[in-house]
Amino acid sequence: MNQQPGSQRAPKQQLNPAQRDAVRYVDGPLLVLAGAGSGKTSVITRKIQYLVRECEMPARQVTAVTFTNKAAREMRARARALLGDDAKGLQVSTFHQLGLKILQRELPLAGRKSGFSILDDQDSTAILKDLLLRDGDIASTLLDICRNQISHWKSHAVSPASLQGKADSVQEARIAEVYARYERALASYNAVDFDDLIAIPVRILAEHEEVLKRWQSRIRYLLVDEYQDTNVCQYMLVQQLVGERSGLCVVGDDDQSIYAWRGANPENLKQLAKDFKGLKVIKLEQNYRSTNRILQSANALIANNDHLFEKKLWSEKGQGDAIVVQQLPDEEAETEYIGDEILHRKIGSNLQFRDFAVLVRGNHQTRLLELKLQAKQIPYQVTGGTSFFARNEIKDVMAYLRVLANPDDDAAFLRIVNVPRRKIGVSTLEALGDYSKSRECSLYGAIGEMGLAQTLSEQAHKRLSSLDGWFQNLRRVVDNGEPMRALQEMLDDIDYRGWLVQNSSSTAVGERRYENVNFLLESIRNELQKQNQAAQGNTNSFEIDAESPLEAVLNKLMLRDMLEQQAEEEADNKVQVMTLHASKGLEFPHVFIIGFEEQLLPHRNSIEGDTIDEERRLAYVGITRAQQHLTLTMARTRKQFGDQQRCAPSRFLEELPVEALQRKGFGDKMDAASNEATGRATLDNLRALLE
DNA sequence: AATCCTGGAGTTTTT
DNA sequence: CTCCAGGATT
């Protein structure tokens, strides 16, 4: 097993008193306020161990929920390391995986059929766009407003029906109407979106007492990580599952709330005390991760925000190195500097590539960095992001898989119907679309209908029918238990490789893109095998899933879990590159945060939208990832939209304590001054910290 | 009616 | 870079 940077630290043998209290308190609902680096994952995993070993609770009655796939994997691995065979049946998943599980078991109540599709953001946007287009409205701003508003309603468990006649404005009434149609569309496509994975289970549990009882009896103890990231709907799910009982432990830190933009409601931390009588609150304030200069800077920065709870982080790790603040002429020089620094430090000390992380605000910032790291032959790994799934070749193959598993998935059908070219163009699809709307069925479903032949030209109808026949054959192969053969046959039939080569700028590029497809196929093959083994070793009928193996794989793919895991297993010893958001929960000896500038961090949209506090928390999360060494870099100019623009250092820089910093490359007096200050400030800092 | 080509515009964060 | 629209071409 490869060690991940986040798990390099061996599980602590000794817990401090607060941690021990948190592990052992099981008599009622518990809130653990865990500052950055205070060992919260240890507390959660040790608590699971305590529940199973000391309280003799069967592992299958314990469920732990987190937000990201990465966090779930880490927690699962650490719980298994502690419990060994006793971990059997333990459920560790993301909120969305848990929701998916509930949805799958209660399919009829969800109004979906087996094989339903999970739509990603792009798919739902495309559907909304189509709905708006049919209204004759194409303003793209309305599309954005619509999507955000609908997502907001869904994450607050607001149904279209409950909005009837309650709109505050004409536009809101309009969006509510689109929302209703959107929901109907999803149902008819046998699809759900990401928000539905939480919203539908909540609705089912609210409306069906017996189902609620069943799930409550299945989960006797629920642990929730990163609680500040829950939205209203997710909190409702937690409340439903826990019910009147006391088996709940949530862990959170309001200073690390960085998902408000997608509906996270850190107030849920406060709400907990109102909803759960006798809630016990334990604070973890000792930081085991960072040196004091880093911690002091993080504390100073976050002091500029309001807090739900006050806490003071401290550490026994000593002063440590000064935080390097490096300004460079442009973004090119910035990445050059990062690459050189990594190489220098690696040679200068006993460091591995995996000891370094480069954190960025936006995914696009990784591009230049990747080029530079490649040029310097530094092995790196970009985690998270959408890069792989954003590739057209991957989207195509995924869409084929989805149509195979769920013919009614219009979003996927539209993507592949004419890729490669089948001479099925817009006018044919328009006619098919009109017909399907009138018969209230999916596009694919309309192909088989009798009346369609009259509305289409004979040629067009023939092309659609032959596509249908082809899919039916493939589906037979899948049902025969040979999904991999079906996939290979599918891609061979359409000569997807040839099509890629032809449609790429060069043969070499085309071949590279087909390599991506092969990687996807290989991953699917592995996962199918894994499932096969699991199914054979599984005698617990409670856990057997109704869905087919291919559907299970597809779901895992849509939740972005599977490939991440594979990449992680291969990321042996590489520099970690990721967004600040993706870095939460991880730690690295050496951390670089690049683009520490106004407009970028805080991001220009946040400056306009007046959500600086959340940006500050984002910077806080980034800073607190560093164990020993932190470097903030910024460019004086940066190419944006074609021309060079001047960039100012982030306002957050001024909020950091000067004596902890070592400024370089600013070309002003502060450079030398701060260096001097750093040298003589050590004693002062020690004195200040002791107070 | 389908496909190919060109130019223009816009980049936050994620399950 | 990558998505889109719209116009020219087959």
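Throughout, protein chains are lettered first and strands after them, A, B, ... in sequence-line order, and every chain is numbered starting at 1. Bear in mind the structure is a predicted one, so any value in this text is a computation, not a measurement.
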Exercise. Starting at the 5' end of DNA chain B and moving along, which residue's nearest nucleotide shows up first, R361(A) or T94(A)?
Worked result: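 Its nearest nucleotide being more 5', the pick is R361(A).
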
Should the ring pair [X] and [Y] be called parallel, tilted or perpendicular, given that the plane angle runs from 0 to 90° and is split at 30 and 60?
X	Y	result
W499(A)	Y496(A)	parallel
F95(A)	F67(A)	tilted
W153(A)	Y179(A)	parallel

Exercise. To the nearest angstrom, how far is D121(A) atom CG from dT13(B) atom C1'?
Worked result: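 For the pair D121(A) CG and dT13(B) C1', the rounded distance is 12 Å.
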
I want to check one thing: is the phosphate of [N], taken as OP1 and OP2, less than 4.0 Å away from some side-chain N or O of [X]?
X	N	answer
T428(A)	dA1(B)	no
N363(A)	dT13(B)	yes
N69(A)	dT14(B)	no
K129(A)	dA5(C)	yes
S427(A)	dA2(B)	yes

For this session: Determine if H96(A) stacks with dT15(B); use a centre-to-centre distance below 5.5 Å and an interplanar angle below 30° as the criteria.
Result: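 H96(A) vs dT15(B): stacking no.
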
Would you tabulate the nitrogen or oxygen pairs shorter than 3.5 Å linking the protein to nucleotides 4-6 of chain B?
from   : atom 1 : to      : atom 2 : distance (Å)
dC4(B) : OP2    : R421(A) : NE     : 3.4

Identify whether any heavy atom of [X] sits under 4.0 Å from a base atom; if not, whether one sits that close to sugar-phosphate; answer base, sugar-phosphate or nothing.
X	answer
F95(A)	nothing
N418(A)	sugar-phosphate
D561(A)	nothing

Problem set entry | Contacts of T366(A) that satisfy side chain to side chain donor-acceptor pair (under 3.5 Å) - sequence neighbours left out |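 By the side chain to side chain donor-acceptor pair (under 3.5 Å) rule, T366(A) matches no residue at all.
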
Exercise. After noting the C-alpha distance and the side-chain angles of Q374(A) and Y380(A), does the key distance pass the side chain to side chain donor-acceptor pair (under 3.5 Å) rule?
Worked result: CA-CA 8 Å; Q374(A) 278 164 18; Y380(A) 67 91; 2.7 Å; yes

Exercise. Judged by modelled atom types alone, do D193(A) and Y182(A) share a side-chain donor-acceptor pair under 3.5 Å?
Worked result: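 Checked: D193(A)/Y182(A) side chains pair up, N/O donor to acceptor below 3.5 Å.
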
